Student: 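Right, I'll just put the structure down here and ask away after.
Since this is a predicted model, take the numbers as computed values, not measurements.
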Amino acid sequence: MLEPELSDERLMLAFRAGDPRAFEVLVRRHRTPVFNFIFRFTGHRARAEDVLQETWLKVVRGAPDYETKAKFTTWLYTIARNLCVDSARKESYRQTASLESPMAGSEGEDSRPLGEALPDEGASPERGAYNARVRPLLARALAGLPEEQREVFVLREYSGIPFKDIAEVTGVSENTVKSRMRYALEGLRRRLAELGVDGDLAEDGRTVAG
């Protein structure tokens, strides 16, 4: 029986050795944060679901060659990021729907704007109403960032990845990652102010009343 406190790396080694339960634990542990990263990167729910599924398929296919040279999460998010980039390149040949307008999709697909599709995370009624107004604006501001700043912001603030690991995922230095994060925060604060949002941007990317 698998121990629930096993590290990601030990779980992946167990899966490599033939234990499918280890893979199930990894999926339960990381599905939501990885999906959140992909969704905010692509801005398209159906496409994010496809990329997420492809990410896990690549994990399965890569299991025989997996080694614990890096953290499992670094390896996982590198796979997800590369697939996001590939997806974005494919979409560049089509008319890309804006994150700040309703996204057209097939029947049954979530076609809400990204900001409206983001969940409220246990907020009070007053805070929930404030967040309901601010979330679409934050999504618009986030969509307006350069891609390299947006991905650092999302990896750090929505997926909780340390700067050192983000540097490995994105293939740049840790100082560059921190610089991109600083510019992302400055850009978000500036854009939110232009959109009339009162208050400042907290370290987790949310707004706080002034």
Student: Between CD of Glu186 and CZ of Arg189, what distance do you get to the nearest 0.5 Å?
Tutor: 7.5 Å

Student: Check whether any side-chain heavy atom of Val152 sits under 4.5 Å from a side-chain heavy atom of Thr176, and report yes or no.
Tutor: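 Of all side-chain heavy-atom pairs linking Thr176 with Val152, none is under 4.5 Å.
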
Student: Would you say the side chain of Leu11 lies within less than 4.5 Å of the side chain of Phe15, judging by non-hydrogen atoms?
Tutor: no

Student: Distance-only, no hydrogens or angles: does the Thr74 side chain make a donor-acceptor pair with backbone N or O of Val169 under 3.5 Å?
Tutor: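 Checking the backbone N and O of Val169 against the side chain of Thr74, no donor-acceptor pair under 3.5 Å is found.
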
Student: Compare all side-chain heavy atoms of Arg150 with those of Arg40 and state whether any distance is below 4.5 angstrom.
Tutor: no

Student: Answer with yes or no whether the hydrophobic clustering places Leu57 together with Leu26; edges join I, L, V, M, F, W, Y residues whose side-chain heavy atoms lie under 4.5 Å apart.
Tutor: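 No.
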
Student: Please check if atom CD in Glu194 has more than 12 non-hydrogen atoms from other residues, nucleotides or ligands closer than 6.0 Å.
Tutor: yes

Student: About how many Å separate CG of Leu195 and CG of Leu137, when rounded to the nearest 0.5 Å?
Tutor: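 The CG atom of Leu195 is 5.5 Å from CG of Leu137, to the nearest 0.5 Å.
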
Student: Could you state the interatomic distance from CZ (Phe72) to CD (Glu9), rounded to the nearest 0.5 Å?
Tutor: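 Separation between the atoms: 8.5 Å.
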
Student: For the pair Phe37 and Tyr77, evaluate ring-ring contact (aromatic ring centres under 6.0 Å, His included) and give the outcome as yes or no after the intermediate values.
Tutor: CA-CA 9 Å; Phe37 165 67; Tyr77 278 93; 5.8 Å; yes

Student: Donor-acceptor pair, distance only, cut-off 3.5 Å: does the side chain of Arg156 make one with the backbone of Phe163?
Tutor: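 No, because the side chain of Arg156 does not come within donor-acceptor range (under 3.5 Å) of the backbone of Phe163.
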
Student: Shared ILVMFWY cluster between Val60 and Leu83, side chains joined below 4.5 angstrom?
Tutor: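 Shared cluster, yes.
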
Student: Drop me the distance from Arg180's CZ to Ile166's CD1, to the nearest 0.5 angstrom.
Tutor: 11.0 Å

Student: Would a 4.5 Å heavy-atom cut-off, applied to side chains only, mark Phe39 and Glu49 as touching?
Tutor: no

Student: Same cluster or not: are Val27 and Leu13 linked, directly or through other Ile, Leu, Val, Met, Phe, Trp or Tyr residues, by side-chain heavy atoms under 4.5 angstrom apart?
Tutor: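 Yes.
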
Student: Do you know which two heavy atoms are closest between Arg81 and Thr170, and how far apart they sit?
Tutor: NE-CG2, 3.8 Å

Student: Any ion pair linking Lys178 and Glu174 (charged N to carboxylate O, less than 4.0 Å)?
Tutor: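 A salt bridge is present here (some side-chain N lies under 4.0 Å from a carboxylate O).
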
Student: Do Trp56 and Leu76 have side-chain heavy atoms sitting under 4.5 Å apart?
Tutor: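 Trp56 vs Leu76: side chains touch.
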
Student: If you compare all heavy atoms of Ala14 against all heavy atoms of Ala22, which two are closest, and at what distance to 0.1 Å?
Tutor: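 Heavy atoms of Ala14 and Ala22 come nearest at CB-CB, 3.8 Å.
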
Student: Enter the distance from Cys84:SG to Glu151:CD here, rounded to the nearest 0.5 Å.
Tutor: 9.0 Å

Student: I need the Glu24 CD to Asp19 CG distance, nearest 0.5 Å.
Tutor: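 Reported value, rounded in 0.5 Å steps: 8.5 Å.
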
Student: Compare all side-chain heavy atoms of Trp75 with those of Val59 and state whether any distance is below 4.5 angstrom.
Tutor: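 Sidechains of Val59 and Trp75: in contact.
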
Student: For residues Leu142 and Met181: do they belong to one hydrophobic cluster (side chain heavy atoms under 4.5 Å, members Ile, Leu, Val, Met, Phe, Trp, Tyr)?
Tutor: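 Yes; tracing contacts between hydrophobic side chains, which count when under 4.5 Å, links both residues.
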
Student: Taking side chain as C-beta onward, heavy atoms only, is Thr78 less than 4.5 Å from Glu168?
Tutor: no

Student: Verify the cluster assignment for Leu145 and Tyr183: are they in a single hydrophobic cluster under the rule of side-chain heavy atoms below 4.5 Å apart?
Tutor: no

Student: For Asp8 and Thr73, work out which heavy atoms get closest and say how close.
Tutor: OD2-CG2, 3.7 Å

Student: Keeping the roles fixed (side chain from Thr42, backbone from Ile38), state whether a donor-acceptor pair exists under 3.5 Å.
Tutor: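 Such a contact is found between Thr42 side chain and Ile38 backbone.
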
Student: Any ion pair linking Arg89 and Asp86 (charged N to carboxylate O, less than 4.0 Å)?
Tutor: yes

Student: Mind listing the closest non-hydrogen atom pair of Ala167 and Ser173 along with its distance?
Tutor: CB-C, 3.9 Å

Student: For the residue pair Val51 and Glu54, establish whether any side-chain heavy-atom pair is separated by less than 4.5 Å.
Tutor: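 Heavy-atom side-chain distance check fails, nothing below 4.5 Å.
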
